[in-house]
Number of protein chains: 2
Amino acid sequence: MSDPTSRDKLIRTASNLFRQKGYSGVGLSELLKEAGLPKGSLYYHFPNGKQELAEAATRWAGAWLERLLDATFAQAESFNEGALMVCDAIATEVTSQTHVPACPVLSILQAAPLEPRLQITAQEVYGSWTKCIEKHAKRLGHARPDDAAFSLHCQLQGAWVIAYAQQSNAAFTQLARELRTKF
Amino acid sequence: MSDPTSRDKLIRTASNLFRQKGYSGVGLSELLKEAGLPKGSLYYHFPNGKQELAEAATRWAGAWLERLLDATFAQAESFNEGALMVCDAIATEVTSQTHVPACPVLSILQAAPLEPRLQITAQEVYGSWTKCIEKHAKRLGHARPDDAAFSLHCQLQGAWVIAYAQQSNAAFTQLARELRTKF
DNA sequence: GCGCCATTGGACCGATTGGTCTATTGCTTG
DNA sequence: CAAGCAATAGACCAATCGGTCCAATGGCGC
């Protein structure tokens, strides 16, 4: 079995950089310098190069957010309370770094016209998130789980875009305030 | 006074391409080929090159959306009705092309870490939109115009991201359905 | 018709891009 | 110790990047 640290470091570094500057805005040389690895390592672990790495990084970050959703909703006693807690959780994660990073899926989305695989990846990860939220909505007895899931996902995406633009978590704070009035 | 057609064509082409592939994803050669203009024209009209063109394109598209907001809300008799109509209007605009384009501001946002001016531009255009929505909310007698403006802007951004990812206006349709239940 | 100036056309530049290829390293297993 | 393979290291490549520069063009005022 291969030592996961190198592959992992590539994925982690790629995810961070892509979320800051977007897929096309990050060069391999910069990425590899940041990861402290030579080009050979990249093409050994990801024979299809940048695109394959981006796909892996997106799925990895997607799974991370899904774990965050599960862990947060697990503590909630109602869907609205869970939604509020998720909003806070993402706000905290996003502000824990010097640069407010974009949604990991969004960061590769603009490269989708050039790299068809990334389009599919983005759709799958988004779909997975919505399904995950829907699952919790159902569990917590929401009347319309699918509507609730779309609505929350949509609001979170919107707040994330605005937070990224403003480089501040104010949008998440505002969204949290709005969600708080609902229950 | 300079003939506006060349400068205009550059702005228009830039806006279209950036909204498809993002700022970093579009090369000058591709852009100029699409616009049917030589490099000399670009650097004559925009001495600071790509970044200045992107700024102009974003402000131009920003003003376009603001006109759309004004025109749509002008026909509404309540804020919620206006919000619903705006959602429909953007959905229509977005689906009128073969490729569903991203929000024009979003398309340059990922280049902000590299080009500080674009960060400022993005913030100003977003702020301008929110102010515009707030103005109509106030006019139509909404109790909390600023909250209403943020909430709608946030939802529209979220739906736009999802629509861009899915290359379909389904997200706008869904958002419209949600807004319809509110009044 | 002449001169002027806004604008176009495109050759050219160094830097950087993503990707390929091969030599070398170093651990693991027999 | 030796063989073999996983993994690293980085030189090298053609293509493209954004940007500079200057000659050619063309319409308008004199």
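Chain naming here is simple, since letters A, B, ... match the order of the sequence lines and numbering starts at 1 in each. What you see below is based on every heavy atom in this structure, not just the backbone, and it leaves out hydrogens, waters and symmetry mates.
Taking a cutoff of 4.0 Å between a charged side-chain nitrogen and a carboxylate oxygen, A:Glu124 and A:Arg59 qualify as a salt bridge. Salt bridge present: A:Lys135 and A:Asp70 bring a charged side-chain N and a carboxylate O closer than 4.0 Å. The existence of a salt bridge linking A:Arg117 and A:Glu52 is excluded, since no basic side-chain nitrogen approaches an acidic carboxylate oxygen closer than 4.0 Å.
For A:Thr72 (side chain) and A:Leu68 (main-chain N/O), a donor-acceptor pair under 3.5 Å exists by modelled atom type.
Atom CG in A:Leu114 sits about 11 Å away from atom P in D:dC17, given to the nearest Å. Remark: P of C:dT8 and NZ of B:Lys33 are 20 Å apart, rounded to the nearest angstrom. With rounding to whole Å, B:Lys39 atom NZ is found 13 Å from C:dC13 atom P. The separation between A:Phe46 atom CZ and D:dT8 atom P is 11 Å, rounded to whole Å. We find that CG of A:Leu17 is positioned 12 Å from P of C:dT17, with the value rounded to whole Å. Between the CG atom of B:Leu53 and the C1' atom of D:dG18 there is a distance of 12 Å, given to the nearest Å. Taking atom CG of A:Leu42 as the reference point, atom P of D:dG10 lies 15 Å away to the nearest angstrom. In this structure, OH of B:Tyr23 is placed 12 Å from C1' of D:dC17, rounded to the nearest angstrom.
Phosphate proximity of D:dA7 to A:Ser6: absent, as no side-chain N or O sits under 4.0 Å from OP1 or OP2. The phosphate of D:dT8 has OP1 or OP2 within less than 4.0 Å of a side-chain N or O from A:His45.
In the set C:dG10, D:dG10, C:dG19, C:dG10 carries the atom at the smallest distance from any side-chain atom of B:Pro38. In the set C:dG18, D:dT8, C:dT7, the nucleotide with an atom closest to the side chain of B:Tyr44 is C:dT7.
The residue among A:Ser29 and A:Gly40 whose nearest nucleotide of DNA chain C lies closer to the 5′ end is A:Ser29.
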